[in-house]
Amino acid sequence: MFILEKRPTPSRFWMAATPILAVILTMIAGGLMFAILGKDPFVAIRTIFWDPLFDPQFASYSRPQLLVKAGPLILIAIGLSLGFRAGIWNIGAEGQYIMGAIFGAAAGLAFYPSENRLIFPLMVAAGAFGGWVWAMIPAILRTRFRTNEILVSLLLVYVAQSLLASMALGALRSPDGGGFPGSRNLSQWATSANPELIVGTGMHWGVVTAFIAVIASYILLQRHILGFQIRLAGEAPRAARFAGVNPNRLVVLCLGVSGALAGLAGLFEVTGPAGQISIDFNSGYGFTAIIVAFLGRLNPIGILLAGLLMALTYIGGELAQFMLGLPSAAIQAFQGMLLFFLLAVDMLGNYRIRLGFGRAA
Amino acid sequence: MTGTGEVLLRIEGLTKAYPGVVANSDVSFAVAPGEVHALLGENGAGKSTLVKMIYGLVKPDSGTMTLRGAAYAPSKPGVARQQGVAMVFQHFSLFEALNVAENVALGMQNPPGMRTLASRIRQVSQDYGLPLDPDRLVGDLSAGERQRVEIIRCLLQDPKLLIMDEPTSVLTPQEVDILFQTLRQLSAEGTAILYISHKLEEIRALCDAATILRRGKVVATCTPREKSARDLAEMMVGETLTPPARSAKAKGAVALEVSGLSVPSPNPFGTSLKNIGFSVQKGEILGIAGVAGNGQDELLLALSGEVRTARDRIRINGEGCGDAGPNERRRAGLVAAPEERLGHAAAPDMSLTENALLSGAVRKGLVSRGFIDWAATRAFAGQIVDGFDVRTPGIWVAARALSGGNLQKFVVGRELSQAPTVVVVNQPTWGVDASAAAAIRQALIDRAAEGAAVVVISQDLDELLEITDRFAALNGGRLTEPRPTQGLTVEEIGLMMGGAHGMEVAHHVHP
């Protein structure tokens, strides 16, 4: 029988090793599942993890997709991780992402068809502002009226989705679109386009911003007193108050930063890969980023890797559906396993496993 | 029933090891029916682990226990209770929003109906002189009364062995007398009592035998009445103790002045502060006594700046500071050490370095332009560890890995190392072993001698009498007029603390 014993000090080695262990366990369990479904597990695993990047036939299309998909996930997850560390639960990044796209697109379209070079920076600022405003609603309600930010931010996602539909059908609908819903294509208008910066990599301004966010967040958490206060507030709220941390200020700050980053992700998406405001513009990045944040253990470097891994399983999963005829439910189960194993082995950082010697009750 | 060589509980060769530490090593002793047996030892000597094994909370690695001649190996507390072993913990496990009878019912395997239970509670409380009304909300009870709830919960099971972990730390002297009468009565009826404490005078007054533990081993057994408190302490510590030394010194200007301070408690069952006023001069130590839950926590929060008030209510060196937050007060020269070490004074999962930054950032200048100077922070943490003899493998370990006494030395050391002009500490030596407690008290005295104004909030009267110049007591959120400590009698102190709480309930119980 196994016994779990709490470690006196958390193990740094296991903190770093658990995600790798989780990926290995997922491959084993997922391979078993694929075998039961009658597919060769090795081929299936290779199709998910290897072929999107290195297969000569598919890689040229799917490799750039990796950064395109990982960029917004990482950018949003970095913002969320700051709040999650402080015990502030912004579940509504999806809504802030949509609002960022709407604000940014609207700011740009107001000047159509100008070719002023300041328009794109203005759109970026408007996108961040849109996400920030949407996040300030739960922040102010929490600090003023002690409402639960989880519920408020989540419910505002549905409000944002309705607003998105109304914009696509109304105010932002393209006058040249023949009455079809959807705005003008922002990626085809040079002034507002967020193009692929290096051909064949998928790198666009949103990915650059995501990388900058990773570095800034790393420095904030390691070196800056604000990062220390964020960690302290999450780990020991009373000690944080003793240390002079103002909890309300932290709520406003963390929700504001995560909202602004989600808004930026929305803006870069609408001006780049998505191209236009449409009813189904949002693709769940805001929710998936929550998983990415935890998969990366709320650590900036971890989130970078987790975002890439998550993007890979999406791309590889699609490829496996297409190539091997695996049902999409199997792919989702596979992604679920990854999360399950990550959470399951998570306790190794704080606990050690010992073998009991038959003394168990 | 006592004597006659009969044995209720015999323990032989009990050993329990945790990673990196042997909590108990080959511990043996025996308790006779009706015997009041003391377990004495410093913090970390293994007393808690030992009684947890007897109560079925922890399984021993090796060794045997025999209860009334039969092998005894409880797998969980429920089994221990069935066999007649009951325990009153130092920290109460009571629900404040429920009444006494409901709380008692929650701890029973098959609780009888509420009315039957209430009448049995009345019966037991009358039989043992423990006044308690079963219909009252636990949230409204004093700490002493809460302890009675726990004791009565145990007595309803008709135990043969009652384990009590530091029972008097929350009681006024008068309440201690009531408790001791109850325990003596139980002992006369044949119930054995295993009594954990480090208040040596109490053990000398109450206990028939004592087993002394040091670093997990039994180092001595004795009859406490035949030893002096000092002998007992030295057996516990294994070294000669020097009492704190202090020299009379002229006092300086008033450094901390509190007037008309009224603060509602942030917690629904807390105690609101009512019109508190006092002042402390430089070089002076003011002691604030009181039974737990009479506003100590609230007073510390109001002084540390975690709870804010009107500006003029609190003055530090003449400057109004009532509306300032903790860091502004630190800048003004006030440092504070809250009672709860893990979670309030220190973040459990953070390293000692990070915990040094927690309250030291302002006065030690560890942050410039928002960026943390980790090298200076590590140096500060190292300085605390060296200066206050904190025993730790290094400053990288998490605060939770330190024993209570060592962490307390770290917390008090962190505050005192910041050259403060005003020091406020709550329960500075709570749960700390004798030698660490002596070191902390000496450090407080030294800081006062260097010209700091010191406020010590404590429930340990001996401590307050030993180190303070003036003495006041908190009772129901009000503070008595501070009086010179010298010449105060224990009875006077007891009355300042509010006498015996809840004595009047006895009259309601049987009209």
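The chains referred to below are lettered A, B, ... by the order of the sequence lines, with proteins before strands, and numbering in each begins at 1. Because the structure is a prediction, the values reported are computed rather than measured. In what follows, every heavy atom counts, from backbone to side chain, and hydrogens, waters and symmetry copies are set aside.
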**Fill in**
In terms of heavy-atom contacts, A/F228 and B/I372 come closest through CB-CD1, 3.9 Å
**Request:** Answer yes or no: is there a side-chain heavy-atom contact under 4.5 Å between B/W374 and A/R223?
**Result:** yes
**Over 12 foreign heavy atoms within 6.0 Å of NZ, B/K364** = yes
**Which atom of B/P348 lies closest to which atom of A/A236, heavy atoms considered** = CD-CB, 4.1 Å
**Interchain contact, A/Q229 with chain B, by part (heavy-atom threshold 4.5 Å)** = neither
**Complete:** Looking only at B/A336, B/G343, B/S304, the option with the highest number of non-hydrogen pairs under 4.5 Å against chain A is B/G343
**Asked** Does any non-hydrogen side-chain atom of A/I225 lie less than 4.5 Å from one of B/F371?
**Response** no
**Asked** For the candidates B/H344, B/E328, B/K76, which exhibits the highest count of non-hydrogen atom pairs separated by less than 4.5 Å from chain A?
**Response** B/H344
**Message:** Would you say CH2 of A/W205 has more than 12 non-hydrogen atoms from neighbouring residues, nucleotides or ligands within 6.0 angstrom?
**Reply:** no
**Asked** Does NZ or CZ of B/R329 lie under 6.0 Å from the centre of the six-membered ring of A/F242, at an angle within 45° of the ring axis?
**Response** no
**Prompt:** In terms of side-chain geometry, is the basic nitrogen of A/R238 or B/E306 positioned less than 4.0 Å from the acidic oxygen of its partner?
**Reply:** no
**Prompt:** Top residue by heavy-atom pair count (under 4.5 Å) with chain B, among A/A239, A/G244, A/P237?
**Reply:** A/A239
**Message:** Can you tell me if A/Y218 has over 12 outside heavy atoms packed within less than 6.0 Å of its OH?
**Reply:** no
**Item:** Engaged part of B/A399 at the chain A interface, taking heavy atoms whose separation is under 4.5 Å
**Value:** neither
**Complete:** Bottom line for B/E354: the part with an atom under 4.5 Å from chain A's heavy atoms is both
**Message:** Between B/V367 and chain A, with a heavy-atom cut-off of 4.5 Å, which part of the residue counts as in contact: side chain, backbone, both or neither?
**Reply:** side chain
**Prompt:** Judged by atom type as modelled, is there a donor-acceptor pair below 3.5 Å linking the side chain of B/D349 to the main-chain atoms of A/E235?
**Reply:** no
**Region of A/L220 in contact with chain B, defined by heavy-atom distances below 4.5 Å** = neither
**A/L232 and B/M350, any side-chain heavy atoms less than 4.5 Å apart** = yes
